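On a predicted model such as this, the values are computed, not experimentally measured, just so you know. What's counted below: heavy atoms across the whole structure, side chains too, no hydrogens, waters or symmetry copies.
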Amino acid sequence: MPGWLRFLADWKPVSALTAASRELFGNPGAPSGNVAWPLAHPVTAVLLWSAALLVIFVPLSLRAYMRRGR
């Protein structure tokens with residue numbers, strides 16, 4: 001896999017969510033070699049991704065709601 005594509009695959013939220021689900025259900029995939037931080041710490045990565053997405057999209061959705069409400 002090309003380096004830039006591997007970077008995107010390792011850092012996307014879905015990969016971290018999948019790894020976190022596997023870890024929480026007791027079936028963690030064994031990280032092989034040098035893995036990205038979200039795949040090494042999937043539960044923390046999912047919590048950080050969730051917080052970041054909420055910080056970004058809650059104000060945007062409230063702004064859109066207030067704009068349409070007028």
The single option from Leu8, Asp10, Leu39 passing side chain to side chain contact (heavy atoms under 4.5 Å, CB included) against Ser15: Leu39
Minimum heavy-atom distance Pro42-Ala20, with the two atoms named: CB-N, 3.4 Å
ILVMFWY network linking Leu53 to Trp37, side-chain heavy atoms under 4.5 angstrom: no
Interatomic distance, Glu23 atom CD to Thr18 atom OG1 [nearest 0.5 angstrom]: 12.5 Å
Trp11 reachable from Leu48 in the ILVMFWY side-chain graph, under 4.5 Å edges: yes
Ala16 to Ala45 - nearest heavy-atom pair and separation: CB-CB, 4.0 Å
Value rounded to 0.5 Å, distance of CD1 in Ile56 from OG in Ser61: 12.0 Å
Connected via hydrophobic side-chain network under 4.5 Å: Tyr65 and Val58: no
